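Predicted, not measured: the structure shown is a model, and the values here were computed from it.
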Amino acid sequence: MAELITVDDPGDPRLRDYTDLTDVELRRRREPAEGLFIAEGEKVIRRALSAGYPLRSLLLSAKWAEAMRDLLATLNAPVYVVDPGLAERVTGYHVHRGALASLHRKPLPTAGELLADARRVAVMEAVNDHTNIGAVFRSAAALGMDAVLLSPDCADPLYRRSVKVSMGAVFSVPYARLDAWPRGLDAVRAAGFELLALTPDEKAVTLDEAAPHRLEKVALMLGAEGTGLSRRALAAAGTWVRIPMAHGVDSLNVGAAAAVAFYAVAPGRPTG
């Protein structure tokens, strides 16, 4: 049974994992360096624990300590019970969902390890918006992508905002970072994947024309919001593909585009 500890001092050092959660630059540096991440909300916390991430501690309001009683009975970690006002002073924002968890990160697999058993892979270049990262992971999980590969400058999938937007999907889709970019794409190609670059460029073929659902192995490349894939990434791709647009719309948010494209590459999709 987890130990419930009532805390009434926002400066209590035991709450250090939860301090200044709204300071993005600080948390970007601190969390990977200290090997931790923050999960917010009961459902996301449960999903993180189910995925095997070791728990460091929980920060709960009294209401959520009662609502999560079944989970607490299975844990062996401190549970800090605080009032909502104190939680806001510690974290820097109103914790709407009333429950936060600090968890240990797990070692990332290598790209080679993920590619060995995958058939459908998403590859992101320079996607540094945490909301977009979370949205892409949620679509990847829902639409059956086997893994996600990230360029070195992509945002952290385990940052609190990414985890929250993904609704915990970052825990169910394995991911790895490519240490070199775009040279790391050579290993993807060597593993038998067809590299498809998603771009609105007129020279690209439509997803229906490319028929990626018929290919044995597909790696779908996605670029950052606004800028899209770099010239080097486009040059590394075997095929440029696009989503046909109507009403003068020239592009979609990367999260929305990813969802459409992931459906298009799913094997076994009905053919026209």
Residues 237-253, side-chain donor-acceptor partners within the protein, below 3.5 Å, at least two apart:
| from | atom 1 | to | atom 2 | distance (Å) |
| --- | --- | --- | --- | --- |
| T239 | OG1 | E194 | OE2 | 3.2 |
| W240 | NE1 | L234 | O | 3.0 |
| R242 | NE | A204 | O | 2.9 |
| N253 | OD1 | G255 | N | 2.6 |
| N253 | OD1 | A256 | N | 3.4 |
| N253 | ND2 | N132 | OD1 | 3.3 |
| N253 | ND2 | E225 | OE1 | 3.3 |

Side-chain polar contacts of residues 4-11 - donor-acceptor pairs under 3.5 angstrom, sequence neighbours left out - could you list them?
| from | atom 1 | to | atom 2 | distance (Å) |
| --- | --- | --- | --- | --- |
| D9 | OD1 | G11 | N | 2.9 |

Measure from the side-chain N and O atoms of D146 to the backbone N and O of R119, and report whether any donor-acceptor pair falls under 3.5 Å. yes

Aromatic contact, Y53 with F37 (centres under 6.0 Å): yes

Just by distance, no angles: are the side chains of E42 and W64 close enough, under 3.5 Å, to form a donor-acceptor pair? no

Neighbour count above 12 (heavy atom, 6.0 Å) for D70 CG: yes

Would you tabulate the side-chain donor-acceptor contacts of residues 106-115 under 3.5 Å, counting partners in other chains and residues two or more places apart, or write 'none'?
| from | atom 1 | to | atom 2 | distance (Å) |
| --- | --- | --- | --- | --- |
| K106 | NZ | A51 | O | 2.8 |
| T110 | OG1 | E113 | N | 3.1 |
| E113 | OE1 | T110 | N | 2.9 |

So, for R46 and M68, which heavy atoms are closest and what is the spacing to 0.1 Å? NH2-CA, 4.1 Å

At their closest point, which heavy atom of R177 faces which heavy atom of P157, and how far apart are they? NH2-CD, 4.0 Å

Should we say atom CZ of R28 is surrounded by more than 12 heavy atoms from elsewhere, each under 6.0 Å from it? yes

So which atom in A141 and which in S172 form the shortest heavy-atom distance, rounded to 0.1 Å? CB-OG, 3.9 Å

Is it true that R183 and D186 have a side-chain N and a carboxylate O under 4.0 angstrom from each other? no

Just wondering, do S151 and E125 contact through their side chains at under 4.5 Å, heavy atoms? yes

Smallest separation among heavy atoms of A65 and L60, with atom names: CA-CD1, 3.8 Å

